[in-house]
Amino acid sequence: MDLSKLYRPSALNSFQFIALTGLLMSAGAHLILRFFVNRPMPAGFDWLYVCWAGFYVVGTLINLFGKPDEPHEHHH
């Protein structure tokens, strides 16, 4: 099992990449709301982190245990 598929950017699949991007954007929004805008967090905002983590776990399972890429046949 290649554990570099958990952290190496070139080995991440699209699910993992989207989850990490969403996590970073949510954290950025969290920091902006808390420290720069000085507003309370919207109700349920913390659930975003749970959703992104779940999305990352699903992507990781697909990446680790899914079939390796097979050559695609194009039908014309």
Side-chain angles (χ1 to χ4, degrees):
M1 184 177 331
D2 183 12
L3 294 181
S4 70
K5 292 181 178 182
L6 297 175
Y7 58 86
R8 197 179 66 207
S10 63
L12 299 178
N13 65 15
S14 57
F15 290 101
Q16 291 170 302
F17 185 78
I18 291 169
L20 287 178
T21 302
L23 181 66
L24 290 172
M25 297 301 282
S26 297
H30 195 136
L31 291 173
I32 289 169
L33 285 172
R34 179 158 300 210
F35 296 111
F36 296 109
V37 181
N38 200 18
R39 294 213 174 172
M41 299 310 298
F45 190 87
D46 292 336
W47 283 104
L48 278 174
Y49 299 113
V50 175
C51 292
W52 290 129
F55 207 64
Y56 184 82
V57 168
V58 168
T60 299
L61 292 174
I62 291 171
N63 202 1
L64 291 175
F65 301 111
K67 293 181 183 177
D69 289 336
E70 297 175 357
H72 300 289
E73 294 183 24
H74 296 282
H75 299 281
H76 298 289

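Just so you know, these numbers use all the heavy atoms, side chains as well, and skip hydrogens, waters and symmetry mates.
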Closest non-hydrogen atom pair between [X] and [Y], with its separation:
{"X": "Leu48", "Y": "Ser26", "value": "CD1-OG, 3.8 Å"}
{"X": "Tyr56", "Y": "Leu12", "value": "OH-CD2, 4.2 Å"}
{"X": "Pro42", "Y": "Leu33", "value": "CD-CD1, 4.0 Å"}
{"X": "Trp52", "Y": "Ile18", "value": "CZ3-O, 4.0 Å"}
{"X": "Asn63", "Y": "Ala11", "value": "ND2-O, 2.9 Å"}

Side chains of Phe15 and Ile62: closer than 4.5 Å at any heavy-atom pair?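 Yes, at least one pair of side-chain atoms sits under 4.5 Å.
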I'd like to know whether [atom1] of [X] has more than 12 heavy-atom contacts from other residues, nucleotides or ligands below 6.0 angstrom.
{"X": "Phe17", "atom1": "CZ", "result": "no"}
{"X": "Arg8", "atom1": "CZ", "result": "yes"}
{"X": "Met41", "atom1": "CE", "result": "yes"}
{"X": "Phe55", "atom1": "CZ", "result": "yes"}

Out of curiosity, does Val58 fall in the hydrophobic cluster containing Leu20 (side-chain heavy atoms, cut-off under 4.5 Å, transitive links)?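 No, no single cluster joins them.
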According to a hydrophobic-cluster definition based on side-chain heavy atoms being under 4.5 Å apart (Ile, Leu, Val, Met, Phe, Trp, Tyr only), do Val57 and Leu64 belong together?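 Yes; tracing contacts between hydrophobic side chains, which count when under 4.5 Å, links both residues.
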